[in-house]
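Predicted, not measured: the structure shown is a model, and the values here were computed from it. So that the names make sense, note that chain A is the first sequence line, chain B the second, and so on, each numbered from 1.
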Amino acid sequence: MEYNFKEVEKKWQQYWREKKIYKALLDPSKPKCYVLDMFPYPSGSGLHVGHPLGYIASDIFARYKRLTGFNVLHPMGYDSFGLPAEQYAIQTGQHPAITTEQNIKRYRFQLDNIGFSFDWDREVRTSDPSYYKWTQWIFIQLFNSWYNPVHNKAENIETLIDHFRDQGNVDIDFPAGDKELFTAEDWINFREKKQQEVLLNYRLAYLSETTVNWCPELGTVLANEEVKDGLSERGGYPVERKLMKQWSLRISSYAQRLLDDLEKIDWSDSLKEQQRNWIGRSEGADVLFKVAGSDLDIQIFTTRPDTIFGATFMTLAPEHELVEMIVTPELREEVMSYVIEAKNRTERERMAEVKRITGVFTGAYAIHPFTNEKIPVWVGDYVLAGYGTGAVMSVPAHDARDYAFAKHFGIPIKEVVSGGNILNESYDAKEGKLINSDFLNGFEVKDAVRKAIAEIELRGLGKGKINFRLRDAIFGRQRYWGEPIPVYYKEGLPYVVDEKDLPVMLPEVDKYLPTEDGEPPLARARDFSYKGFPIETTTMPGWAGSSWYYLRYMDANNSERFASKEAVEYWRDVDLYMGGAEHATGHLLYVRFWTKFLFDRGLIPVQEPAKKLINQGMIQGRSNFVYRVKDSNTFVSEGLKNNYETVALHVDVNLCDDDVLNIKAFKEWREEFKNAEFILEDGKYLCGNEIEKMSKSKWNVVNPDDMIDKYGADCLRLYEMFLGPLELSKPWNTNGITGTSNFIRKLWKLMHKPNASHELELAISDEAPLKSEWKVLHRTIKKVKEDVDRFSFNTTVSTFMICVNELTDLKCNKRQILEPLAIIISPYAPHVAEEMWERLGHKESITKASFPIVNEDFLVESEFSYPVSINGKTKTYLEFPLSLKKEEIESEILKAEEVKKLLNGQSPKKVIVVHGRIINIVL
RNA sequence: GCGGGCGUGGCGUAAUUGGUAGCCGCACCAGACUUAGGAUCUGGCGGAGCGAUCCAUGGGGGUUCGAGUCCCUUCGCCCGCACCA
């Protein structure tokens, strides 16, 4: 019989499910391999062919690792808290849990269709109380921890309390903001309320009044990572800056470690670079400038302390608290109206108008700490409140922004580093010699920076400092569909819920909207309280559950702990993490942060979640167009469209095959096309095409289920891999799928022959293979192994094709060849491989087999004829027997008769041999 | 502006990582068989030339016996960050 993929795939999927073939057990006798995909948010539109790309690749890797003797953990789950289900709930009143459940069912069906080797007994759902119980538990650990800068790790808050009791806080760096000093005695005399307030300043999960990204449209705050170009990442609504009391996580304490440990992990350069940029470490100094005629100081941060003599003015961010205090009475009105205007501009407006230079003089002057000159203090919105100290010393000669500002307002420009032409533009480069700079004169920039910092510290004007761009992560969301924060309020102070009372269940509400007084939806819940005290009404952000899910898979059904000690000790970290690059500065930063935190607290044995990470490329859509002749119901084929005046219309790509329109289906597609007429070329209607993002509105969404129905799961798997390198973004194009489809048929035919009535029947030979057949096999095994090890799955598919073509040419149907062949193909095309395996007489699943070992003996060439170049030029052919050892090759070749003949008796100076072959002869 | 990546036939791509450029597949062309099909099989398929050969990896230059690969320069494309002091 012909290969019937529908029957075969169904049969094996059922077999795998029933026998729990892919169940992973903790087995210390075997090496572990943890292969993880980024779990999906189960959206209403289901999977399209782009989603499984990464899943297929990781599945291949997982299956390959199983065959090579690893105990593989390859789980899947759902990131099931999130906005779309909540938006839908707001519109329809349906509980998000119901929508989510429906979507998950659909996802599961689609995933099963592709034949993945997930261990579904370990499925996790972030919205499940048995899961978010532990998300809440980790939050409590964060709340009960502080970052000890001396030990450079998070510790139990009790150690801080002990320290306060013994020594106060004099010797402890305050993590953020101004430091209020107290002694041990002070601490003991503080009331409970005061103590708790102080501790809140040190906890890793803390409540504070901060400027947040407020999105009025979504009615919630967002983390920096969730804002793109001043718009919300989800929905694309404008975001404002707003001062609010909010829960935050102190990720900034981990900035240096998050940066340093990038060195230790095998992630792509671009992704690491994105994280480095996001963390944004810069070295420089904090310097104090006195305000003339007052005892106020302006603290600035600069990375160029060497240029301090070039500071001709200072600029404060409009939000800076000193603005109000230093502005002179005459200018107060003007300055404050500028401040208000600047504050009211949204982030987006501010960004869009980067080129616009605005600012206003405060009337106040600062005293230059070295020259004692009076320099004017300005307010300008090019200075950001959120970075450094929100104030800068402006050195127009050596900073492009200061330069533009100074030019615009006619402020003097003083050159202090030679090498540029400051009449035309600022000289920002960090090289050149210092001039006009007193004690720094003559130093190179690099040395001057060091010298300047030393001098600043010596004179008590400030000190060297490392600044990070990374801000603490805002953790509260004014939304319903998320994890409740396990906190209650007593006398206005937050306390965490007792661990034994977890989870704090998400309460039922009558509506999923904020209350009339603007409280989050949870405030609608009746009696949402703990021991009579009100519970926090904001919920956790979408990234909370995904920041530790990889740990839950290790022991997904544990009700005593987030995962048992044995499980985290055994599985440790992810060996291969597959997912999109869009999570570079969101999820992938948070999951590293939580991992380091849990490590610090002795809960897990690793500091990084994933050793190796691959970002699979996006699959774009390939839209098809039909061309309607203007004002008619006639459609003209693509090649002839220039002869008419036409309008291009998106047409459902599923109505086209290789860009040829299925006219019958098209007519049935929409009522208006029922009587459409067509102008054909070569008897066909050819559609135009264009690469666009895959989306419903563009009619270019290809559903994997349809592909599987038409070609089978194995064919889809092979084809998605064959499209090109994994990391590359590429358009989905089914035009080439016949290639992989043919391949599966050819593979099948290796062990089936047509009988008298032209039907295929099993034909396997038990004869010993010929050397040529062994050679084909072992070359393939070798190549496949190398390819999988370097994640080059597209070349592997080519390798399989070559192998099958060659075996077909050799008419090889030998069992000893087909068995290993089935094994090496099984990670890619598991269904057909299982079926072959069974037909070869095996009772057990092919997944229990072992990946064959390469026998190099079959690959050694004894004799060959190949082109050789002389002095890198002329090519000629040479036959030379090669059975020599590496070190013998050159000396033997040098005296070989053949070579001399070739050179008319001359002896070569040097023979270049690569992989046992003479490549070039130098005379 | 800064950072990361890329540029090879009509198309997707490959090249043992510095060693015969174009593997494999699609598309296309020719042929065979035929139960007439969008099946299967055989052959061809970067350019020029009857040919041996020559020219070709965005352009220019360099290192090397030898460069798609390394270096410099230039052009073009994609992605990320961006008033971060």
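- Cys715(A) is not listed as a side-chain neighbour of Leu718(A), based on a closest heavy-atom distance of 4.5 Å or more.
- Among the atoms of the strands shown, only primed sugar atoms or phosphate atoms (P, OP1, OP2) are found under 4.0 Å from some heavy atom of Thr738(A).
- Rounded to whole Å, atom P of A14(B) lies 8 Å from atom CG of Leu728(A).
- Taking the side-chain contact (heavy atoms from CB on, under 4.5 Å) definition, one finds that Ala255(A) meets it with Ile279(A), Phe468(A), Leu470(A), sequence neighbours left out.
- Every side-chain hydrogen bond (donor to acceptor under 3.5 Å, both in side chains) that Asn733(A) has, sequence neighbours left out, goes to Asn735(A).
- Comparing U42(B), A85(B), C83(B) by their closest approach to the side chain of Asp809(A) singles out U42(B).
- Among the protein residues, Pro731(A) comes within range of no part of the nucleic acid, since none of its heavy atoms lies under 4.0 Å from any strand.
- Nucleotide C70(B): paired with G62(B) (Watson-Crick or G-U wobble, both distances less than 3.5 Å).
- With both ends at atom C1', the span from G60(B) to C75(B) equals 11 Å, rounded to whole Å.
- Rounded to whole Å, the P atom of A56(B) lies 34 Å from the corresponding atom of C2(B).
- The partner of A36(B), taking Watson-Crick or G-U wobble pairs whose two distances both stay under 3.5 Å, does not exist in any strand shown.
- The partner of G80(B), taking Watson-Crick or G-U wobble pairs whose two distances both stay under 3.5 Å, is C2(B).
- Atom CD in Glu786(A) sits roughly 11 Å away from atom P in A15(B) (whole-Å rounding).
- Taking a cutoff of 4.0 Å between a charged side-chain nitrogen and a carboxylate oxygen, Lys446(A) and Glu431(A) do not qualify as a salt bridge.
- Between the CD atom of Glu425(A) and the P atom of G1(B) there is a distance of 12 Å, rounded to whole Å.
- For Lys782(A) and Glu856(A), the salt-bridge test passes: some basic side-chain N is under 4.0 Å from an acidic carboxylate O.
- Taking the P atoms as reference points, C50(B) lies 35 Å from A39(B), given to the whole Å.
- In this structure, U8(B) forms no base pair with any nucleotide, since neither Watson-Crick nor G-U wobble geometry is met with both distances under 3.5 Å.
- Closest to the side chain of Asn794(A), out of C83(B), A14(B), A27(B), is A14(B).
- To the nearest whole angstrom, the two C1' atoms, one in C45(B) and one in C24(B), are 15 Å apart.
- A48(B) sits 46 Å from C81(B) when the P atoms are compared, rounded to a whole Å.
- The aromatic rings of Phe370(A) and His368(A) are tilted relative to each other, their planes meeting at an angle between 30° and 60°.
- Heavy-atom distances to RNA chain B give each of Met801(A) and Asp399(A) a nearest nucleotide, and the one nearer the 5′ end belongs to Met801(A).
- Across U73(B) and C83(B), the matching C1' atoms stand 32 Å from one another, rounded to whole Å.
- For the pair Asp286(A) CG and A85(B) P, the interatomic distance rounds to 13 Å; values are reported in whole Å.
- Per the geometry, NZ belonging to Lys785(A) stands 16 Å off C1' belonging to U16(B), to the nearest Å.
- Picking from A85(B), A14(B), U17(B) the nucleotide with the shortest atom distance to the side chain of Arg790(A) gives U17(B).
- Residue Thr795(A) has its side chain nearest to A15(B) when only U42(B), C26(B), A15(B) are considered.
- Regarding contacts with the backbone of G25(B), a side-chain N or O of Asn805(A) is found under 4.0 angstrom from either OP1 or OP2.
- Taking the C1' atoms as reference points, G5(B) lies 30 Å from U20(B), given to the whole Å.
- A heavy-atom distance below 4.0 Å to RNA chain B is reached by these residues of residues 271-280 of chain A, ordered by number: Glu273(A), Gln274(A).
- In this structure, Arg281(A) and Gln256(A) have side chains that are in contact, with non-hydrogen atoms separated by less than 4.5 Å.
- As rounded to whole Å, 12 Å separates atom P of A39(B) from atom NZ of Lys749(A).
- Judged by closest nucleotide on RNA chain B, Thr799(A) is the one of Ser282(A) and Thr799(A) placed further toward the 5' end.
- Taking the charged nitrogens against the carboxylate oxygens, Glu786(A) and Lys783(A) have no contact shorter than 4.0 Å, which rules out a salt bridge.
- By the 4.0 Å N-to-carboxylate-O rule, Lys710(A) lies too far from Asp706(A) to be salt-bridged with it.
- Looking at Pro369(A) and Ile308(A), their side chains come closer than 4.5 Å, going by heavy atoms from C-beta outward.
- Taking atom C1' on both nucleotides, G44(B) is separated from A67(B) by 31 Å, rounded to a whole Å.
- A sub-4.0 Å separation between OP1 or OP2 of G25(B) and a side-chain N or O of Asn742(A) is absent.
- U20(B) shows a glycosidic angle more than 90° from 0 and is accordingly assigned anti.
- For G9(B), the base is syn relative to its sugar; the glycosidic angle is within 90° of 0.
- Listed pair Ser729(A) / C79(B) fails the phosphate criterion, with no side-chain N or O lying under 4.0 Å from OP1 or OP2.
- Residue Glu283(A) contributes atom CD, which lies 15 Å from atom C1' of A85(B) at whole-angstrom precision.
- Contact check, Arg745(A) against A39(B): no side-chain N or O comes under 4.0 Å of OP1 or OP2.
- Checking the phosphate oxygens (OP1, OP2) of C81(B), no side-chain nitrogen or oxygen of Arg469(A) falls inside 4.0 Å.
- Residue Tyr387(A) places no side-chain N or O under 4.0 Å from the OP1 or OP2 atom of C83(B).
- Taking only side-chain atoms of Phe722(A), from C-beta outward, the nucleotide of G25(B), G5(B), A85(B) with the closest atom is G25(B).
- Whole-Å rounding puts the Phe405(A) CZ to C83(B) P distance at 16 Å.
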